[in-house]
Structures are given as structure tokens and as C-alpha cells.
J.: 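Before I ask anything, let me first share the structure, which is written out below as C-alpha cells.
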Amino acid sequence: MPEGSTEAGTGTQRRTPQWGMAIDLDRCTGCEACVVACASENNVPTAGEDQAAKGRTKHWIRIDRYYEGDFPNIRVRHRPVLCQQCDEAPCEPVCPVNATYQNAEGLNVQIYNRCIGTRYCAINCPYTVRFFNWYPPEWAEPLGLQLNPDVSVRPAGVVEKCTFCVQRIKRAKLNATAEGREVGDGEIQPACVQSCPAEAMVFGDLSDPSSRVARLANSRRAQRLLEELGTKPRVFYLERAD
Amino acid sequence: MDRRNFFRVVGTASGGAITGACGRKSEEIIPLLVPEEGITPGVESWHPAVCGECAAGCGILARVMASEREIEVDGERVRQRIATVKKLEGNPNDPTSGGRLCARGHAGLQALYGPDRLRGPMRRAGPRGAGRFEAVSWESAMQEAAEALDSAVAEDAGRVVFLSRPRADLRAANIAKFLSALGAPPACAVGVRDFAAEVQGAERAYGWRGIPAYAIRDATLVLSIGADFLSGWVSPVLYTRQFGHMRRGRPGVRGRLIHAESRFSLTAWNADRWLPVWPGGELALALGLGRALVDLGAGASPTRAVEAARAAFAEVDLDEASAACGMSAGTIREVATELAAASAPVVVAGASIVREHSADAVAAASALNVLLGRVGVAGGVMPPPTVLADLVEARPSSNRWRERLANANLVIIDGANPAYSSPSCREALANAGTVISLSSFVDDTSAYADVVLPDHDPLEREAVALPSASLVESVACSARFVAALHDSRPADSVLADLAASAGKPFEPLDAQGALTRLHATLGAGNGAGSSEGFVESALEQGCWQGRPASGGTTGVIGLGAFEVADSMVPAVFQAYESLQFGTGGGANRPWLQELPDPTSSAMWGLPLEIDPVTASELAIENGDIVRARSDHGSLEAPAYVNPAAIPGVISMAMGQGHSQYGRYASGRGANPMSLLGDMRDRRTGATAMGPVRVHLERLDKGKGLIQFSRQDRDVPPHRV
Amino acid sequence: MKRLRADFGDRHAAVGAVRSVIARGVPPEAIELYSRRPIEPYPSLLRRKSRMSLVAVLSAAVVGGTATTLVYRAQMDYPLVTGGMPINSGWATGVVTFETTMAGAVLGIVAALLWEGRLLRRRKPPAPPVPSGGAVIEVSGLDDTNALREVLLQAGAKSVARAD
Amino acid sequence: MQSGHAPYKGVRPPLMLLLFLAAAGVLMAADQPLSFSHAAHIEKARMQCTDCHSGAKTRDAAGIPSIRRCMACHQFIATDRPEIGRLVAYWEKQREVPWLRVYGFAKDAAVQFRHAPHARAEIECARCHGDVASMTVAVPTVIHTMGTCVQCHRDNSASDDCLACHY
Amino acid sequence: MATTGTRGGPVGHAQVCEDLVARMPGSSPRYVGAVAVCGAIVAWALFAWGYQIANGFGSTGLRRPVYWGLYIVNFVFWIGISHAGTLISAILRLTGAEWRRPVTRAAEAITVFCLMIGGLFPIIHISRPWIFYWILPYANERMLWPNFRSPLFWDLTAILTYLTGSVVYLYLPLIPDFAEMAERCTGARRRAYRWLSLGWRGSDRQWQALERAMKLMAIVILAIAVSVHSVVAYDFSMSLTPTWHNTIFPPYFVVGAIFSGIAALVVVMATLRRLMGLQEYLREVHFVNLGKLLLLMSLIWGYFTFSEHLTTWYGNLPMEMDVFQAREHGVYGALFWVMVTCNLAIPLLLLGVSKLRRISTTVVCGIAVLIGMWLERFLIVIPALSTPHLPSIWGGYAPSWIELSITAGTFAAMALLYLVFVKAVPIIAMWEYEGEATPR
């Protein structure tokens, strides 16, 4: 578990939150509401049929679904997969220009304008949740009116990925600071978490033991995806009971 | 100079400038119109709205911020600053959505900003169905429509057909007012989602009118017969929320879900046990379960209702039932035992895939709740809400729409697309007297319209809607909060204008009026305060929420006789409502087109789902182009070998195969309904979605299928 | 001081001549042997001193050390939050150290070659025309040329001339 | 977790002056549609920056005032001036004055700048915008490069996380 | 005409020089035609690159999860071939193999040109090449440095060092020849050669310094060459991609590099021999000797390949087995067996049997090995990327015309550089070559 550290230089010794997520697979139905919510929040463009056929769609969050067994004893295992915001992220050390790194709050950051497009991070991500902008993003008029002004539209040639909706984290923190208070547990919800009808996803500060996400992450059912690779992901999956 | 400064000195010259903004001289400067007051760039505001994507009636929140667009004013290109909806979320106050939203709900934004949305009224410029239109002014379009209405009413108001959707909302109330002012018969709900079977089943089993709600959140065992309540059906958000709570919301209790359906739907994914019922075998399964429960001594405290149910089930032969549904008698007994032993079981009775015997199947399945004593109790089945009777009454039903359409002198269409969901009605549409569409898009049906009077998007108009299922009395409502993007007009006022010009004026109901009426019916005893305060608070909250729907088995049980199901025949086809497109309306939203289909992972197209046994017999592999032929029609689509399909059952999701529906939907894929002909539920007349016998033929090896994930299994075959 | 130049048609004869000249007590620094091909086997009798290896090693150490320091300082003074991974790692820097060390060696060798080979000198006496296959010997700093002229002619020089 | 590193001490930027001089020579006053005088409004009329740039202290964007706001006063004040006449001409056409931005961020810089937190941190307007109060037509006297931002952030112990601005 | 030696070649320095200079191509229509053809292909490749930059990387065949494609394959391939020169020439120089003398310059030139081409591929490969320089460690007002931990940064240092070293290693022995050429030319060419000869006078000091420098350079360049291909291998083995995360990769890549380098040298030599009529200089013995080296490397390569696959198969790690299956039985199975045939079967057959060992068979082997080694790079990069850890996002890859054009363009660029090179300098080191010397 990542420990909270203090923010250097603020002098207030405010604890730096350690963002993380827990996903209860017993609740998750695989309805994909999160997928569209994410595209809508984060200005993720659709690739279109031709590009989709080439495997160039961008889904910052996706539902991995695998069939197990054969009829009639068949079942499906599904799992929402987003950037796991690894503490020991394999994508980070390989970037030659430091366009990706982990910040003090544990977010695995991608700085679009710093990216020169080696795509090394993308191939080194074991979850393959990094996406490349093959073409300049386009929205047929007037679809572009929907774009979220809080999120940069990424130019062609850079790698992008789930940010844990950093714009929402920023806004919540700014609002809290303006009102002279701390950000409360559950106050920040990434778009996927907010939309999830089954309330399978919980986002929050892992370093605060009383937060919901920390309690879920410490539950016996909690596992992490490809944990054996030593990436120390910050997304905890509560495995299905059966 | 310290070290760090040394480094900086060495290379300062290479710094890239962030700004370059003062050099905009070279750019063409497009003037900006003086905006309306109250639009501040960068400031967000949240407004309640009502989701218009399906009939569930979720209360949502819209995030509104300023944007700029370019328009033409008096021949000059100018920029205009407008308030635009940036994001939709569920409305946390709303008891249906509870602050949550499904994929289709999110994509409602792309209907609002759809590039193919009509910019203004249109007049047909080609033959019917060709989809060629020319833009006209509102005056001339209204005049044309009014003349058609005049002559049709003068001829025979009884032959005016209004095709709509089965929603209990402001629009339905106004349509009802419009039609009654004209003296025309009530509107018809078309499409495959009018829940006629559910309504009739509830009436027969519980004596309720409307769609019952299931409080699965408090159940310990949920048996769903034919209701794919997690991916569509009545109210996916409400039921998914409840499902989450049922599973992990109660300390120490994990509710169990058994799902009986003829395909491996999303609900089956999430079920602890899937009962693969042969298509059309839902009735037999419900009857068999009833018989087994009777044998187990269920319904020990007899009321009249329980007696009726016992009597109906006692006649069933378990082996016959087992043979008709494809489940062994042992399995049926096992499930019945589990139901009888559970502390809080509930049977969700539905017809996600409507059959010829769906009304019977739903009634029989509902009767299981009667037998188990789970009607109107916590964790059981709850009665439909009864507030705002105007809206409830105005909710259109199927109402023999095909027969009436065949004989129509005027067809008005709002929110329905029968040319897609029942392709066999196209001929009737082509031959109808005059066709007026209120659609925002030229879809399959609007292509037959003589004049299209585009409606506002649901997000651009005020709304009052009753949720199609709710555990409490509630209403979702909203006031207008953004200006219309295009030159559209709300259909309510268009209808009022048309009626007025036909000399049959009526007063359209608005949100204010409906809520005032709601306040009045609630009476003073509800603590609702003044009428104005009530309305204002409801519009601010985006909803009104009352007490839990009052329940109890009040009605007289009239299960009646059940028709016996056909025997099982191999290679049958069924269509189903897709998670992403519903019954087809979502197909013009690029987000949804690029959303992998849960079953096949297909994007930008939907496959024919073939079971592995049939597929290997015909040497069909994923992506091969396959032709399916039934007695009613044929289609060609890429194949997906669905590992979970029942051998001999071919399924296909609805959504693709639009002849007209904008750039993202039209001409893409195949329409599964074209294989079904005029198949209906025998009791309610609702459009049935199978089974029909099909013949499959592989046409082409190929890459016809675009999949997000081409691997169906976590463990590739060679690893086994 | 005088200089003497002897032309040889045969390279090997020239080597013998060098040997004889040295035997006459002329210091090797005063002798220059020009040829179009290196004369093999090597005329080691001239014993030219070389510090090329030393220069290469020093240059390698300096360049490699500087680069390593730069990497270390840049990483420590402008640190990125890495979420637990080391900011500076000897293993990762090792590659850079190795490569830059080698680059330093190459540069050192080039520099030493330019210096010791007296290349890139602006003011130089014009090179004597060396016959193909032959060699030219220049002996400088002589007080008396006559004795040496004899020696050179005896060793097989085709012609011997003053080259001042 | 790597615990916090020693906070950056105030680092004097020796090159800032040079940069400033070099860039100031290159950049010239934007050719604004109206020669709006900041000095006349602030020094003479004693107005505050936020009277027109109303979001500067509380919102993300300071905002360029709408012509509506100009006309609120200039319907009555100084109506005889030729520049005001041109302003009224825009107003009568119901067009905004097509002001040219003096400061801003390049689109591909992916910068999410918010005014409010800077105002809360009591950063003077002039720190980034120069002494606009004494200018006639505003000119970019402060050179905005990433270095400007980073330096100021470090000097003030503000976050120097890339994510502070770029997302 | 020059006097001819016992083997038909010219004897004596003057004759050798004369003969070699005479064989440098003039402006014959054939030469101009070859330059034009190569130039056209290169121009087309440059157009393709421009198209890619202007239209975005979507114009390539890359896709998720195969974010690296032919550019990386070519990068590894060309850097591999670059080991032809310096490494081989350094080994031969250090071991005092006298037969190397007519071979070294051709080999060293390969190195320099291949590095120029190979070093271009990272720039072609990145999608925003206009800010390529951000990878360089220079102080800047953004206070940002490159990531020294990135293998791509190591690549940068390694390739720059290797390029510097190789250019020096090619240039130093050219100095006496430049001086020689200056005497044989007039006008601008003379001035250019004189300038390039750095004031070379042929004094014994210079010869000694040159010989010493070359010896030292041979040692240094050997170390650099080994490190360069190890660093290229680190690009792969530092990642978590199944089958890449592998300690065998650095030596495996070095061996493969030398292997393909020798093959390239054989092919280049045969071409020069044919086109420039160098039969007297590049004799059967050179080819046979290189053939023996090639055979040795083939065996070592086979050993490494076997070890790599055996450990993967025996370890039976699920993720690695997915790649293994894809590589040997799936779509790439055919390519795999072509690779094995080219790299192992053909050299073993043609070079292992002494009776079959001659110029023609060596050249056939060289071509086969070039094809095989290109395929080896392809089979390392593509199958592993197309089967990442999570099966849900497995995908394929097919290069588009852009990548194919650029690939073709680099081969043409190689030919073009060589065409210009042989016109400017004698391809055999004149001062090193001794007509009558018996090759050892």
C-alpha cells in the first residue's frame, strides 16, 4: 500500500492523497456505461468503421470479457480494464523524454505536449491501456460542441490514456481550497465511477484508511490485475464470489 | 551562479514559447455576435433533464457550458456563443437513476449534436421511402401539414393514425389531447418494446394496471424468466442499481440470481445459474416451476389469488413442460426447491424477447410470485405507480396499429420507427394518405413522410415523465435550460398549432401544468406546501418523489387458460434488443457504434450469432458472411460463433440494418426483423421477435466482422 | 644547421640507410622517413615515442566522467516523482557512462593522431616527392653534410641533396 | 513512495531579463480593432481590472468583457470620442468587438490554466500581464514561456508537477 | 597497362594505385542510370515519409497492440548489418589476418552507411519527429531533461558513439589514400582530396601514429560495437513484453548482427567485384574465408535461437507460450521456417560441405542470411507485440505502402551511398594493399 507523503513546500503538512480505485466484479454487470461516460467526459474521439477494423479504436476503459467452459456449463468472466495507475509502472521509465511519470498523488501522468511519439510506453504497458492518436481527432459538425473544455483534445501523434479524470480531481480540489476545506471521501468521482449503475466502482484516497476505497482495497476479495508482474497497480478488483 | 542556473544558461535559447496568441493578425477574424446574457465561458452549471433514450424515464443532469459555433446571419459568417450541454449524468435525486446513467443515456448527447439532425422542416422530394427531402420554411410546412390534417379529419377522423412510443409523459398526454380534439382514436405504440405482455401478465396475475416493479435489491433469490433486466428491458439503470445492491449492498448477504432465457444475455452473464430455455419455452418453464412448487406445497396460506394460481398450475404436466422448454424435470424441481427454500425470493417475469405466447408466459411467471407470497412485500414485486393518471392513461399501447395503418388517411409519427422494427409495414406506409413525421432525423420511417416537422431534442424541451418502473411514486421533470440548436419546434406546440388551424384547438399541457395537477391530486395532506413552491422545487430537483407505491394483491386473479407452446424445432432464429442500440434508435450515435457488443465484441455492425454446433456443421467461422433465410425474408450478415448459444438457436441483435438514419447508421449491417414477418404475441398483438425457422448458408469466407476483441477466451486453445 | 635529403628507389634500402645513419650517431628525432606505403617490417629503430594510449584513456575518463556527472546532477536537481522507482540508478546510468567513455576514447585517439602525426599543421615544409615504391630520408640538424651523404649513397640512395 | 524532495529555493533567473529584452523587441502591440486605453480606464476612471475582466479572481478565465458591458457606460460617457463612435457601430450591428488576444496559450500546449487559484495565491496581475494599468493599448510585455511559469511556481513553492497545468 | 602479378593482379604500389583509380566509375550512362534509379526510389521513400508526417501515423499499418512495426524491424536490421564493417574489420585487424586488406574498407563503409540509415529509423518511427531533439540532453528553460533511464536514450548515446567511432575508423585509413588521390587529380578534386588528407606527408611518424591509432580504434570499436547491439537488444529486453524480457537478447543480438553483417559484406563485395571488375583483388579466398566465418556465425546463431526457443517452450509460461505459438504455428509459422532455412539450412549445406564452398555459394548464402535475419527481426518484434498479456486485445499487423516504400527506400539509399562512395574513393585501401603479398 502506498503511504501518504506530505506535499513539499506547502508548509501546511497537508497529506497528499493517494488516488486509487476499487472495482467490485460481483456488482459489475459489464453494461459498458463507463465506456461511453469516459468517451463523453474525456473527449475521446470515435475512430470510425475503417479505423475500428484496423484495431485503432480508443477506449480508455474497456470491458474484457472471456467465455469459460462450453454450453451448457458456460460462463463469462468480465472485467473493466482502465489504466491501472501502477506504482511501478513499466510505461514510465522507458519514455525517453519523461512525458509519462507518476506524480505525488500516485497518478500515472501522460503529458501530451511533451510526447514525441516513440510509443514505447504503449508497448510496455502489460494492460495495453495506452492509446495512440493515429490521426488528428475529428468530430462531424456539430458533434464537437459536446467537447469538454476542461480536457485537452489530444493532437495526432501522441499517446493518451485514462487519467482518473484528473480534471475532476483538480476541480474538486480547487473548489475545496476555495471553500477552505479538505476534499471529502467520495467527492471526486471519475466519469466511469459516477455513471456506474451497479455502483461497482469506488474511487478515493488509498492512504486514508477510513475511505471506502481503502476499505475495499483491503478486503480479502481484492486482487490486482497481472499483479505477478510487480507493477503494483492502484486499481483493485474485488473478484466475483462464485 | 549555481549549478542549476548554469544548466539553464546553457540552453535557454531553445525554449519553446507557450504563447503565440498576439500574432492572430494573419487569421481571418470571424465576428462574434453579442451573446445572450448569462453565458460565461468556463463556468459550468448543472440542469436537471429527463432522458429520452428509452422508456425508463430516468432523471438526469446536464452539464451546461458556453461554446462557440459559426452560423450565418444575413449572409455573413459569424460566431455565436451558445450554452451547450457537455455531459449527461444521472440525477442523484431521481429514484430511478439515482445519479447513474447507462451507455445509451450518455449517448443521448450525440442525438442532440447529431450531424445528420434535421436543421429545419423538410418536404419530400422523391418517392416515398427514398429519403430525398428539400428544406422548406415552417410556414409552408405547417400549411401543408394543416391541409392534410384538415382533409383527413373531414374525410374520416377515425382513420387518422398516430404512431408513437409507449411512454407515459407530457408528450403522450398532449398527443392524447390532440387526438381527442380531432375525434381520432388514441395513439398506437409501435416497436418491439411496449411491454404489452408485462402489462397483461401483471393484470392477470395481480390485477394491476401497468408495468410492475421488482424490488430485487431486497431479495435473496431472484429468478428471472425471460427478463434481461440488466441490459435493456424496462429500466436497465434501476435494475442494475438494484442488482448491485442485491449482490453486495447488504452486509453478509449476497443475493443469488438465476436467469432463464433463450440466449446468454448480459443478465445470464451475471447470473449464478443460467437456465438455457428453448425459444418460446418460457411459458412451459414457468408452468413447470409452478407445478413443482405446488408439489412442494407452496402457497400454504391460501387466499383467492393463491388458490387460483394453484389451480392453474395443478393441471400442468411437469414432463410435458420440461420437454417444451428444454430443461429437464430435475432441473425444474431443483430451481423450485431453491425458490421455496429462499427467505426472500422473487420471480422477475418479462419478455425481453417477445414470443407468440409471451403474455401467457409472463402471466404464468407472475403467478409464481403469487404462489410464493411475494406480491407487494419487501423484496417482492411492487405495483406500478398511479400518480398523474393523465399521463398513465395517455400511455399508448399497440392498439392494432398494423390494421389501422393499412387503412390510414393520415399518419403522424412521433418517436416511432415502424419501418425498421416491422419492415412489413413499409407497404402500408407507402400507401397511406399523408404521412407527417415529427422526427429529428430522417430515419427509415420518416423517409416515407411527406413532410417532416422536426421536434426539439429531449434535452431542449421541458419534460414530465413517469418512470416505466419505480419502487416509489415518482415523476421526473425538467424545465428548458438551453436554446434549440436548430430550427426545430417542440412537437407539442406543433400539434396544438395544427389542431388550431383545423378548428379543433386544445390547450397543450406543459410541465408547470402537469406538476400543478400532480400537486392537486396529492392533496394538502402530503406536506407539499403551496402549488408554486411544489412546482418550483420539483423542477429544481428534476423530480418529485412520493411514498413507495402502495401494493397488495388487490385485483382478482384471472390467469385464464394457457396456450400450449409449439414443440422444439432446430435452427430457429430470434432477434433481441441490443444493449447499445436498444431496438435500433441508438444506431446513429458514433459512441454506441464503437461500443463493443457485449456478446460478440462487434463494433460498427452486428453479427448473426450462431451456436458452435450449427457453425461447425456449416463450416462457418467468425467473420464469414452468412445468408439467413426464413419464410418471411432473408438477410446477409457476418457470423459470430457464440460459444454460449443454445445449439440450434440463432440470434441477432437489433440496431443495424437501417435503410435511412444518417451517416453512421444507414446502410450498415442487416435488420434482424426482416426475417420475422408479421409475427405477434397472440394475446396482445405486440411485435414478436422469434422464433422462426431459418436456413443458413455460408456465402463468403472473410473479414466481415469488426471486433474489439477477437479472443473469446482468456485461455487460448493451445494453452488448454 | 643543414638538412639532407636522400631518395631511395627501394624502401628496404632506405631502412638500411636509416640504420646506418643512426649508427653514425645521428639522433632518431633528426631523421624523417617518407614513403607512400608503410614500410614493413616496421622500422622500429626510429623509436618514436607515443602517448596515444594514455591520451585515449584520459580522454575516455574525462568524457565519461563528465557525462555521468551531468546525468547524475540533472536527475538529482530536476527530479521527477517516480512513485518508488529510483531517481538515479547506477545500472541505467552505466550504459550512458560506457558509451560516453568510449566516445571519449575515440576522440582522444583522433586528437593524439592529429598531434603525433603532425597533421593539420598550417606551416609545413612541402612534402618531398616520394617515388612510388621508394622512400625518402630527410636528416636535419646536421653540421656537416658530406660524411652523411657518403653513408646514404653507400646505403643505396639514388641521389642525395641539400634540402634547406 | 519517494518522500518529498527538498523544496526548491528561490532561484534567480539571470536569463529572464535577456529573454524579456529579446522578445519585447520582436513582439509588437497587437493591432486591436479599437485603440482601447487601459490607462484611461484604470488610472483616470479609477476602475478595477475585475470590473471588466470579471472572472480574474474567481473563475477559470478572466474573460474579455462583452460589448454589452462597454455600452453600459459608454451609452452616456465620452460618446463624442471617435473610438467610442466605432464601438457604437459594433453595438448597432450587434457584434462583439473582435479583440485580439494579448496573452493566451497555444492550443497544442495542452495547458489548463485557471485564474482563480493564482488570484487566491495573491499573484499580482502585473506579474504576468505587465503594468497594463499604465498602458494604452495592452502589449505583451511579459514573455510567457513554460520557463516563466515553472520559475514562478518554484519561486512560490507551488506545484511543479507537469500535471499542475498540462492535462 | 600495369604489370601483372602471378595472380593476374597488378604489382607494385604505383600500378595498384593506377589500376584502382582507373576502376573507379566514371560518369558512364550505366553509372548515372544506377544513381538515377536509386535516387528515384529514395525520393519516393522520402515522399512516403513526408506523407506519413503530414497525414499522421494512421497512414502506416500500425495498430493496437502492435505499436512498433517495420521501422523497428528495419532499425534493428540495419544496425545489425552495420556490424559488418567495423566489427569484422576490427577482429581481422587485431588478429592480424592479412587477407583482410582488400576487404576492410568495403566493410567499414557498410558500417557508416548502415548506421546513417539505421539511425534514421528511430526518427522515422516517432510520430512527432519535429521535436526529436527533445531526447537530447541540453539545458533548457523548461527545466526538463530527457529520461536517462530510457533504453531509447541509451540508443541515442550508443548510436552516436558508434557512428562517431565508425566514421573515424573509416576515415583514418582513408587519409593516406586521399593524399595519394590528390596527387592524381587536378583542380577542385585535388583541392578537396588535399583538404581531406589533412596534410598527410607519408612520414614515418604519421605511419606509426596511424597504425597505432588504428590498433587502438580496433579495440575501442570492438567494445562499442558489442555494446551498441546490446543496447538495441535492451530496447526489447527491458520491456515486460512476453519473450522480450529475456537475458539472452543482448548476446543473441550481437551474434545476429555479426552474422548479418558478414552476409551483407559478402553481398556487397560480390557486387563490387562484378561491377567494378575487381576480380584480381577480391578473390575466391576472401569469399571462402568469409564463408567460413559465416558458417561459424550461423552455428552460433542456431545455438542461440535453439536456446531461446527451448527455454521458452520448457518454461511454458502462458504469456510466453502465446508468442511462441504465434511464432511457430500461427500466422508467422511459415516465416519462421523460412528464417530457419535461410539462416541455418542453406549455410550449413552450402558452406559446410567444403566442395561446395566457392564464391557463388557464399554469395547465395549471404543473400539467404540477409533475408533470414530480416525475418528474424520481424519475428522478434511483431508476434510478441501482437499477443500481449491480456488476450482481449490481441491483434495483427500488416505494413502499409508507407512502411514498404520507406523500407525499399533504405535499401536504395544504401546502394546510392555506395555508388557515390566508390566514385569518390578507392574501395580498396591502396596503401594497405600489396599486390604481391601472399594472402595468409
Side-chain angles (χ1 to χ4, degrees), chain A residues 24 26-37 39-41 44-50 52-53 55 57-59 62-72 74-78 139-150 171 191 194-200 238 240-242, chain B residues 42 65 67 69 84-90 99-103 105-107 109-110 113-115 230-231 236-237 240-241 243-244 247-248 254 264 266 269-270 272 276 485 579-580 590-596 598 601 603-604 611-612 643-647 663 706 708-709 711-714:
Chain A
D24 192 335
D26 220 358
R27 279 177 179 256
C28 173
T29 66
C31 73
E32 301 190 288
C34 48
V35 182
V36 183
S40 165
E41 170 76 16
V44 181
T46 41
E49 182 176 9
D50 296 343
T57 55
K58 285 192 275 189
H59 295 100
R62 64 171 189 261
I63 309 287
D64 275 3
R65 70 99 176 78
Y66 304 113
Y67 290 98
E68 279 177 11
D70 288 298
F71 180 87
I74 190 153
R75 48 173 316 121
V76 154
R77 298 255 168 221
H78 61 271
W139 286 269
E141 217 39 54
L143 278 177
L145 287 177
Q146 178 271 326
L147 294 178
N148 184 355
D150 289 350
R171 220 173 245 281
Q194 182 166 14
S195 77
C196 181
E199 297 176 42
L238 278 69
R240 237 174 108 162
D242 51 340
Chain B
M65 292 180 92
S67 289
R69 67 165 175 177
T84 47
V85 185
K86 295 291 182 187
K87 179 85 176 35
L88 300 178
E89 306 280 5
R100 310 286 162 169
L101 197 57
C102 70
H106 283 293
L109 269 185
Q110 292 198 321
Y113 298 124
L230 289 180
S231 74
V237 175
T240 308
R241 283 175 57 218
F243 169 81
R247 269 286 156 82
R248 288 286 167 186
R254 179 182 183 273
F264 197 60
L266 203 72
W269 283 25
N270 290 287
D272 300 281
L485 195 63
L579 173 127
Q580 60 273 45
W591 283 338
L592 298 179
Q593 285 284 1
E594 205 153 296
L595 192 66
S601 204
M603 298 181 290
W604 297 96
D611 63 279
I646 301 173
R663 68 192 71 176
I706 301 172
F708 176 80
S709 176
Q711 292 294 318
D712 285 337
R713 297 186 184 259
D714 192 9

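Below, each value reflects all heavy atoms present in this structure, side chains not excepted, and no hydrogens, waters or symmetry copies. Naming: A, B, ... by sequence-line order, numbering from 1 per chain. Since the structure is predicted, the reported quantities are computational estimates derived from the model, not experimental observations.
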J.: Which residue out of A/T46, A/I63, A/L147 racks up the most heavy-atom pairs below 4.5 Å with chain B?
T.: A/T46

J.: Donor-acceptor pair, distance only, cut-off 3.5 Å: does the side chain of B/N270 make one with the backbone of A/T29?
T.: yes

J.: Which bit of B/P276 comes within less than 4.5 Å of chain A, counting heavy atoms only: side chain, backbone, both or neither?
T.: side chain

J.: Looking only at non-hydrogen atoms, find the nearest pair between A/Q146 and B/Y113 and report the distance.
T.: CB-CD1, 3.8 Å

J.: Given the options A/G30, A/A47, A/G55, which has more heavy-atom pairs under 4.5 Å with chain B than any of the others?
T.: A/A47

J.: Below 4.5 Å, heavy-atom pairs only: which of B/P612, B/S709, B/A645, B/G90 has the largest tally toward chain A?
T.: B/A645

J.: Sequence neighbours excluded, which residues qualify as side chain to side chain donor-acceptor pair (under 3.5 Å) partners of B/R254?
T.: A/D26, B/D272

J.: Answer with side chain, backbone, both or neither: which region of B/E594 has an atom nearer than 4.5 Å to a non-hydrogen atom of chain A?
T.: both

J.: My understanding is that only residues two or more places apart in sequence, or in another chain, count here; which of them pass side-chain contact (heavy atoms from CB on, under 4.5 Å) with B/C102?
T.: B/R104, B/V237

J.: Would you give the length of the straight line joining atom CZ of A/R77 to atom CZ of B/R713, rounded to the nearest 0.5 angstrom?
T.: 13.0 Å

J.: Heavy-atom cut-off 4.5 Å, strictly under: side chain, backbone, both or neither for A/Q194 against chain B?
T.: both

J.: Charged N to carboxylate O under 4.0 angstrom, A/D150 versus B/K86?
T.: no

J.: Given that the side chain runs from C-beta out, which part of B/I646 has a heavy atom under 4.5 Å from chain A: side chain, backbone, both or neither?
T.: both

J.: Verify, without hydrogens or angle tests, whether B/R100 (side chain) and A/C196 (backbone) share a donor-acceptor contact under 3.5 angstrom.
T.: yes

J.: Could you check B/D712 against A/R65 for salt bridge (charged side-chain N to carboxylate O under 4.0 Å, His left out), going step by step and ending with a plain yes or no?
T.: CA-CA 7 Å; B/D712 285 337; A/R65 70 99 176 78; 3.4 Å; yes

J.: Non-hydrogen atoms of chain B under 4.5 Å away: do they reach the side chain of A/A200, the backbone, both or neither?
T.: neither

J.: I need the residue from A/P72, A/A52, A/P45 with the largest number of non-hydrogen atom pairs under 4.5 Å to chain B.
T.: A/A52

J.: Which atom names give the shortest non-hydrogen contact between B/P596 and A/E32, and what distance separates them?
T.: O-OE1, 2.6 Å

J.: Quick one: do A/N148 and B/K87 satisfy side chain to side chain contact (heavy atoms under 4.5 Å, CB included)? Show the steps, please.
T.: CA-CA 8 Å; A/N148 184 355; B/K87 179 85 176 35; over 6 Å; no

J.: Do you know the tightest heavy-atom contact between A/C31 and B/L266?
T.: CA-CD2, 3.9 Å

J.: Please classify the contact of A/C28 with chain B as side chain, backbone, both or neither, using a heavy-atom distance under 4.5 Å.
T.: backbone

J.: Side chain from CB out, backbone as N, CA, C, O: work out which of these in B/S67 comes under 4.5 Å of a heavy atom of chain A, or both, or neither.
T.: side chain

J.: At a heavy-atom separation under 4.5 Å, does B/T84 approach chain A through its side chain, its backbone, both, or neither?
T.: side chain

J.: Do A/S195 and B/H106 have side-chain heavy atoms sitting under 4.5 Å apart?
T.: yes

J.: Which word best sums up how the rings of B/F708 and A/H59 line up, parallel for under 30°, tilted for 30 to 60°, or perpendicular for over 60°?
T.: perpendicular

